[in-house]
> 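The following block contains the structure, expressed as structure tokens.
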2 protein chains.
Amino acid sequence: MSKLSGTKKKIYDASVKLFAEKGYKATTVREIAKVVGIQQSAIYNHFKNKEAILDEIIDNLSNSHLINLFEDKEPKEIYKKGKSLLKQVSNMFKLISYDTKTDLLFRFMMQELFNNERLRIFYNEEFYQKNVKKLSIVFFMMMQDEMIESMDPLVLANEFFSPLFFYQLQIVRLKADNKSTAVAATLFEKHTDFFWDRIRIKNEKKDQLF
Amino acid sequence: MSKLSGTKKKIYDASVKLFAEKGYKATTVREIAKVVGIQQSAIYNHFKNKEAILDEIIDNLSNSHLINLFEDKEPKEIYKKGKSLLKQVSNMFKLISYDTKTDLLFRFMMQELFNNERLRIFYNEEFYQKNVKKLSIVFFMMMQDEMIESMDPLVLANEFFSPLFFYQLQIVRLKADNKSTAVAATLFEKHTDFFWDRIRIKNEKKDQLF
DNA sequence: GTCTATACAGAGATAGAC
DNA sequence: GTCTATCTCTGTATAGAC
């Protein structure tokens with residue numbers, strides 16, 4: 001992940017945590033230093049200023065699991081997996097919601113989304129567009145292969161993506177209040193089941209009931 | 001809406017705008033006063049302190065259009081409208097995204113969601129739970145009436161609600177960068193079309209193709 | 001109710017000894 | 001690289017005249 005070491009890494013990690021929990025503006029350099037266990041001024045030996053820490057975190061988001069829903073595999077390699085591929089993507093969202101490092105990055109992203117233009121660019125291009133486009137290619141191939149019904153692949157990709165995002169936000173929000181996430185967590189799988197069942201082309205040989 | 005008048009109302013409105021755009025913490029009392037056109041200290045004749053403004057805004061969220069997706073009508077009165085009811089709910093989300101007052105409240109809510117427990121309670125109970133529950137009752141009645149397929153109504157309600165929320169967030173985010181929202185705006189209707197078409201029970205008299 | 005003036009605290013950042 | 005000390009600025013809030 002981030003190629004930082006020693007104190008700089010500690011500062012980085014503490015900042016991610018505090019920025020995610022309280023927001024960038026509300027977090028003080030003194031607090032970060034306290035978590036790390038050094039004096040406030042020592043921070044400046046590792047980062048030019050507070051904003052440089054923020055920039056470093058945003059730069060590193062691209063290396064996080066936040067955006068790799070497909071584990072770098074190409075659509076044509078994987079589309080044939082059908083429902084189990086969707087299950088896998090859905091499960092990635094769930095994993096991110098529970099992974100104690102990546103959930104902080106997600107929370108940080110949502111926390112600062114409206115305060116930082118670079119972050120919005122990341123959100124839009126890397127988190128949203130890239131994944132939705134990849135999804136729509138997968139769906140397009142599934143349509144060609146007559147696994148699912150034909151329709152606008154991009155609309156379909158958005159319809160699959162958006163509930164997963166929402167449920168992830170639900171989980172992270174619930175965790176902020178130490179509330180149970182059990183019910184929300186089941187929605188990831190229920191979404192995939194519901195979704196796949198509505199778009200797949202039923203096998204006539206098995207479903208010949210009429 | 002809010003029953004404030006004169007300067008107090010101006011302070012309130014300016015605060016909503018600034019809190020939504022920059023966040024509560026990053027907004028200074030001086031800035032608010034500047035927008036209103038008074039001296040910073042004059043704020044304190046109307047509000048005890050900065051936090052009191054925040055509290056007032058959160059208190060008033062319940063009176064906003066943010067949560068009234070059904071215009072206060074009861075499920076049994078409206079469920080028979082079928083798809084056009086869903087269209088109406090979907091359209092409410094779209095209207096909120098574009099209404100220049102309510103979109104600020106939505107942005108404010110998302111902006112401060114992780115920084116304010118009272119706001120999270122509002123989000124959960126009034127914005128999410130209340131609407132999803134009402135939706136699930138509507139879907140349940142539609143199932144009873146054999147308008148749509150039978151399944152878990154709560155899951156269905158979540159599946160209908162979550163994309164609308166996501167598209168709303170998309171629009172508000174795009175507007176923050178003055179980007180075009182045209183494509184995102186079409187997704188509200190496409191969602192309803194897609195969704196309804198997948199759950200409705202087809203009329204045998206019309207669809208007798210086999 | 002608004003103004004000017006000011007108190008007070010907190011935060012970011014730098015200087016220089018070790 | 002870390003420490004103590006300190007500077008400077010900014011922001012919230014209050015006092016008191018008008």
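These numbers come from a predicted model, not from an experiment. All chains are named by letter (A, B, ...) in the order of the sequence lines, taking the proteins before the strands, and each is independently numbered beginning at 1.
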> Which whole-number value in Å describes the distance from A/L18 CG to C/dG12 P?
12 Å
> Measure CD/B/E31 against C1'/D/dT10 and give the value in whole Å, please.
11 Å
> Using whole Å, report how far NZ of A/K48 lies from P of D/dG1.
19 Å
> Whole angstrom is fine here: how far is it from NZ in A/K34 over to P in C/dG10?
13 Å
> Can you check the B/N49 CG to D/dT14 P distance for me, whole Å?
8 Å
> Kindly point out which of D/dT12, C/dG1, C/dG12 is positioned nearest to the side chain of B/Y44?
D/dT12
> A/I11 CD1 to C/dA13 P: how many Å, rounded?
13 Å
> Does NZ or CZ of B/K50 lie under 6.0 Å from the centre of the six-membered ring of B/Y24, at an angle within 45° of the ring axis?
yes
> Over how many whole Å does the gap from B/K25 atom NZ to C/dG10 atom C1' extend?
9 Å
> Can you sort out the partners of B/L113 under side-chain contact (heavy atoms from CB on, under 4.5 Å), two or more places apart, ordered by chain and number?
A/R173, B/M110, B/R120, B/Y123
> Test of understanding: with side-chain contact (heavy atoms from CB on, under 4.5 Å), list the residues that count as partners of A/K73, not counting sequence neighbours.
A/E71, A/E77, A/I78
> Per the ring-ring contact (aromatic ring centres under 6.0 Å, His included) rule, what does the pair list look like for residues 174-194 of chain B, sequence neighbours excluded?
B/F160-B/H191, B/H191-B/F195
> Restricting to nitrogen or oxygen on both sides, can you table the protein-nucleotides 4-7 of chain D pairs closer than 3.5 Å?
residue, atom, partner, partner atom, Å
D/dT4, OP2, A/Q39, NE2, 3.3
D/dT4, O4, A/S41, OG, 2.7

> The criterion is side-chain contact (heavy atoms from CB on, under 4.5 Å); which residues satisfy it with B/D193, sequence neighbours excluded?
B/K83, B/K87
> Taking atom P of D/dA13 as reference, at what distance in whole Å does atom CD of B/E51 sit?
9 Å
> Among pairs that include at least one residue of residues 92-119 of chain A, which meet ring-ring contact (aromatic ring centres under 6.0 Å, His included), considering only residues two or more places apart or in two chains?
A/F93-A/F161, A/F106-A/F165
